[in-house]
Amino acid sequence: MANDIRIEIKGDSKGAEDAIKRAQNATEDFAKAARKVGLILSAIGAAGALALGSAIKGALAQQQGINLLDQALKNTGTSYKLQQEAIEGVIDAQAKKTNFSDDEQREALQRLVVLSGNYQKSLQALPLALDVAAGLTGALSTASTLVG
């Protein structure tokens, strides 16, 4: 034998319905805000990836320039490692005075070393090559060849 129990509750459910609607609206608002935040974070992530890619590319180019300069210096009996402080000191000082990047200056110094076969004279001639290049409106490779 089964006993059936029946309970009836009568009352106004409007308050409960309103509370459910408010909770539903709040959930939808939160979901919209979360989607916006997700889009913003995706955009930031993409920009960060591009910036990281550019930084890596720049670092690789810098290292390649240093390697070429190092080889030219080794041909004259020294190395970039041994002369790094002096080289970077001159390059930093010139970067403050000119529009030529560190990489461009290392390339010019490498060209000067190859042409002259003398590291010290090449380092001393770098500022002159930069001045000549400024007069030639930016042709540093041509200027370093002329000075070399």
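Along the sequence shown, residues are numbered consecutively beginning with 1. Note that the structure is a prediction, hence the values are computed from the model and not measured.
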Within the 4.5 Å heavy-atom criterion, are [X] and [Y] side-chain neighbours or not?
| X | Y | answer |
| --- | --- | --- |
| Val90 | Leu126 | yes |
| Glu88 | Gln105 | no |
| Leu68 | Glu107 | no |
| Thr145 | Leu112 | no |
| Asp102 | Arg106 | yes |
| Asp70 | Lys81 | no |

Please name the pair of heavy atoms, one in [X] and one in [Y], separated by the smallest distance, quoted to 0.1 Å.
| X | Y | value |
| --- | --- | --- |
| Ser144 | Ser141 | OG-O, 3.0 Å |
| Pro127 | Gln124 | CD-O, 3.4 Å |
| Leu140 | Ala129 | CD1-O, 3.9 Å |
| Val114 | Ala72 | CG2-CB, 3.8 Å |
| Ala133 | Ala143 | N-CB, 3.5 Å |

[X] atom [atom1]: more than 12 heavy-atom contacts under 6.0 Å:
| X | atom1 | answer |
| --- | --- | --- |
| Gln120 | CD | yes |
| Gln63 | CD | yes |
| Asn99 | CG | no |

Exercise. In terms of hydrophobic clusters joined by side-chain contacts under 4.5 Å, are Leu73 and Leu82 together?
Worked result: no
Problem set entry | Same cluster (ILVMFWY, side-chain, under 4.5 Å), Leu136 and Phe100 | yes
Separation between [atom1] of [X] and [atom2] of [Y], rounded to the nearest 0.5 Å:
| X | Y | atom1 | atom2 | answer |
| --- | --- | --- | --- | --- |
| Tyr119 | Thr78 | OH | OG1 | 7.0 Å |
| Leu128 | Leu146 | CG | CG | 10.0 Å |
| Ile91 | Gln84 | CD1 | CD | 10.0 Å |
| Leu115 | Lys121 | CG | NZ | 14.0 Å |
| Leu69 | Gln64 | CG | CD | 12.5 Å |

Exercise. Does the side chain of Gln71 come under 3.5 Å of the side chain of Asn75 through a donor N or O and an acceptor N or O?
Worked result: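 Yes, Asn75 and Gln71 have a side-chain donor paired with an acceptor closer than 3.5 Å.
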Problem set entry | From CA spacing to verdict: side chain to side chain donor-acceptor pair (under 3.5 Å), Tyr80, Gln110 | CA-CA 10 Å; Tyr80 177 80; Gln110 183 257 338; over 6 Å; no
For this session: Start with the C-alpha gap between Thr76 and Asn118, add the side-chain angles, then the distance that decides, and say whether side-chain contact (heavy atoms from CB on, under 4.5 Å) holds.
Result: CA-CA 6 Å; Thr76 66; Asn118 186 308; over 6 Å; no
Problem set entry | Any donor-acceptor pair under 3.5 Å from Glu104 side chain to Ser101 backbone | yes
